[in-house]
Amino acid sequence: MNIKVRYLSKLGHTKLIAEAIALGANTKAVSILEEEKLEGHTDVLFLGGAPYANIMDKKLRIYANNLTKDLVSKVVLFTTSNFSKRTVNSLKKMLKEKGITVVDEYFYASAFRISARVDAAKEFGKKYSL
Ligand SMILES: Cc1cc2nc3c(=O)[nH]c(=O)nc-3n(C[C@H](O)[C@H](O)[C@H](O)COP(=O)(O)O)c2cc1C
């Protein structure tokens, strides 16, 4: 299976969670700032980002908009924030509207306890990569 973890992280919280998910999924986490478009077909794409003033970063929105159901078989979302789940909810809606399969469950970590969620993120990565 071709499994990828992609994220956008400004403060480093989502990056830590992305790296833990990648560890569990036996792959590597890559920032969308380093790789602007998903290359080749992906079976499972873990995709994460955070809200800033209640909206996701424009680059993450563009990245998600460029995804197609031919490129990705399944998307698994994750997010970190102070409290808002808006980024994952918007991503879920946007991707589903494009006909892309999105797993209902997503991984959430509060920005106030990122380190405490690292092990759970690793398990989450393992769970959806089997
Ligand atoms: C400018 C700014 C605006 C933010 N706005 C929100 C917000 O509207 N709702 C929320 O729950 N968290 C908000 N946060 C908290 C971030 O979403 C949170 O720290 C998140 O973990 C950052 O992810 P990152 O470290 O991957 O960039 C904001 C943080 C910053 C710096």
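Read the numbers this way: they start at 1 and go in the same order the structure lists the ligands and their atoms. Side chains are part of it too, since the values below use all heavy atoms of this structure and drop only hydrogens, waters and symmetry mates.
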Given a heavy-atom cut-off of 4.0 Å, could you list the residues near ligand 1 in chain and number order?
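Ligand 1 pocket, heavy atoms under 4.0 Å: Ser9, Lys10, Leu11, Gly12, His13, Thr14, Ala50, Pro51, Tyr52, Ala53, Asn54, Thr80, Ser81, Asn82, Phe83, Ser84, Ala111.
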
For Phe107, which of Phe124, Phe46, Phe78 qualifies under ring-ring contact (aromatic ring centres under 6.0 Å, His included)?
Phe124

Counting only N and O atoms by type, is there a donor-acceptor contact under 3.5 Å from the side chain of Asn2 to the main-chain atoms of His41?
yes

Side-chain (Lys92) to main-chain (Val102) donor-acceptor, under 3.5 angstrom:
no

Applying side-chain contact (heavy atoms from CB on, under 4.5 Å), can you list everything that pairs with Glu97, at least two apart in sequence or on another chain?
Lys93

I need the full list of salt bridge (charged side-chain N to carboxylate O under 4.0 Å, His left out) pairs touching residues 41-65, with sequence neighbours left out, sorted by first then second residue.
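Those involving residues 41-65 are Lys10-Asp57.
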
Glu123: what forms a salt bridge (charged side-chain N to carboxylate O under 4.0 Å, His left out) with it, not counting sequence neighbours?
none

